[in-house]
Amino acid sequence: MPKFVTTPDGKKVVTLIPGDGIGPECVEAAQRIIDAAGVKVEWEVRHAGESVFKQGVPSGVPQETIDSIKKTRLVLKGPLGTPVGYGEKSANVTLRKLFETYANIRPVRELPGVPTPYSGRGIDLVVVRENVEDLYAGIEHMQTPGVAQCLKLISRKGCEKIVRMAFEFARSEGRKSVACATKSNIMKMTEGMLKRTFEEIAKEYPDIQSWHVIVDNCCHQLVKKPEQFDVIVTTNMNGDIMSDLTSALVGGLGFAPSANLGSDCAIFEAVHGSAPKYAGKNVINPTAVIGSAVLMLRYMGEFAAASTIEHAMLVTMAEGKVPTGDVVGYDSPKAATTTAYTDEIIKNFGKLSTTFKVRDVKPIKMPEVSTALDTVKVAKRRVIGMDLFIESAELPAAIGPDLEKLLEGTPLKLKMMSNRGTQVYPDKGTMIDCIDQHRCRMLARAADADLSDTEMLAVAQKLAVRVRWAHIEKLQEFDGQPSFTKAQGED
Ligand code: NAP
């Protein structure tokens with residue numbers, strides 16, 4: 001159990017971030033419900049997101065918010081708006097990364113009174129999304145003025161943590177299977193690392209069925225036969241997209257809660273964003289944030305209050321007296337306000353949902369994570385070449401021969417050049433639409449070479465008289481296995 005901060009009169013201190021757009025309305029609903037359930041909480045209100053960007057804080061997360069979370073380790077937050085495609089980084093992602101909340105747990109289940117094309121099929125699944133690595137590590141560069149690159153960074157330690165969390169979460173909820181969804185058929189090193197780690201760690205959980213599914217088929221299966229899934233563990237971007245999809249299966253984003261869990265900190269928030277068009281109208285569905293609060297209460301050990309709230313929510317939905325606009329249409333005379341819906345849940349405290357069960361949840365056994373810097377050791381390693389990424393407005397047929405000439409007398413020879421991952425030199429008679437960024441793959445002339453940095457830098461410097469280079473990637477062998485993939489069409 002994590003250590004919580006408690007006030008002298010026994011209240012647990014929780015950092016509360018109202019957020020942007022519809023955030024404050026949803027968070028207020030959740031806060032009222034927790035208080036009405038009698039849980040002793042001291043709310044420490046802090047801010048992040050759009051309002052903070054506007055104050056000139058480039059990260060969107062001010063120091064006082066960081067200090068509060070560092071102290072409480074427990075956050076209930078509303079969605080934060082992020083400028084799309086330009087400007088600052090997402091304050092949401094920043095918060096998740098600053099506190100190493102490496103697992104994002106996103107449950108969805110069929111709900112009473114919320115008709116969908118899947119009603120009656122008993123959807124009840126959880127997406128466990130890796131939360132801090134992958135393309136969301138946020139390492140992007142403009143390699144040339146016209147070529148952008150984003151690094152997909154996946155670590156062995158990150159995979160191990162998220163896989164263990166998925167199995168531990170499955171156990172805590174008495175779930176029967178964990179599927180691992182990856183694109184390892186294409187990205188054999190990055191997505192493949194999650195698949196390999198999953199298959200290894202699954203052996204430690206023989207009580208839980210485990211299987212791998214390619215992520216595109218997983219989405220197909222989710223739409224076709226969602227009831228076959230229980231827990232799905234996946235990489236960050238896959239999980240982001242898939243969990244919006246899964247929320248739509250049960251009625252939409254208004255119903256999808258989430259928990260960002262780390263070893264020392266937890267942030268609870270809806271899957272949805274700030275939906276600015278509904279901001280301040282008191283019409284949105286607060287269920288996702290209330291559901292996130294239920295997850296938070298269970299994390300705090302407040303199991304009875306969590307069950308009371310969940311039962312009351314299910315009863316409110318089943319009775320259908322105060323449906324939210326996303327269910328019956330915002331123009332419908334039946335559409336309730338956010339406030340009326342919240343009041344009704346509080347009124348229904350003490351009633352039990354008979355048709356829709358509330359899970360018997362046990363405390364999750366958090367994976368043990370060493371804070372030591374993680375190093376995967378290999379017995380043998382050597383550098384056998386380098387990929388030099390260059391910027392050139394010339395075609396490969398013009399650059400290649402010049403580079404070959406310049407490489408004479410050096411320890412490296414040009415094996416091939418590729419353009420966006422496909423071999424273009426030597427020309428194989430293919431039809432490739434080249435851009436101005438090329439990869440020049442050079443391998444050591446000597447079969448047993450272990451190239452030094454000095455040798456490689458000397459080569460890069462020599463080639464720089466002919467081409468402008470952007471970056472170098474070492475080509476290595478770890479225990480005899482290449483640390484790099486071939487280009488498309490490379491033999
Ligand atoms: P969004 O805010 O999630 O809204 C998309 C749509 O989902 C809404 O237009 C609405 O659908 C529905 N929806 C969302 N929340 C709802 C609720 N509580 N009740 C009922 N319906 C709800 O996604 P977005 O428009 O792409 O993003 C807006 C901003 O939020 C962006 O700045 C984005 O970066 C940010 N964002 C933040 C988070 C976060 O804080 N964790 C997550 C995602 C996005 P209808 O239009 O069909 O009614």
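Both counts, for ligands and for their atoms, begin at 1 and track the order of listing.
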Do any nitrogen or oxygen atoms of [X] come within less than 3.5 Å of a nitrogen or oxygen of ligand 1?
X	value
Ile22	no
Asn285	yes
Leu80	yes
Cys26	no

Region of Asp326 engaging ligand 1 - heavy atom pairs below 4.0 Å: side chain
Part of Asn92 with heavy atoms under 4.0 Å of ligand 1, whether side chain, backbone, both or neither: side chain
Ring centre gap for Trp211 and Phe229 strictly below 6.0 Å: yes
Answer with yes or no whether [X] contacts ligand 1, where contact means a heavy atom under 4.0 Å from a ligand atom.
X	answer
Thr324	no
Lys77	yes
Glu25	no

Qualifying salt bridge (charged side-chain N to carboxylate O under 4.0 Å, His left out) pairs with a residue from residues 324-341, counting only residues at least two apart or across chains: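 Listed once each, the pairs would be none.
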Residues, nucleotides or ligands: over 12 heavy atoms within 6.0 Å of Met187 CE: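 Count over threshold, so yes.
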Over 12 foreign heavy atoms within 6.0 Å of CD, Glu199: yes
Contacts of Trp43 that satisfy side-chain hydrogen bond (donor to acceptor under 3.5 Å, both in side chains) - sequence neighbours left out: Asp35
Aromatic plane relationship, Phe167 with Tyr205 - under 30° parallel, 30 to 60° tilted, over 60° perpendicular: parallel
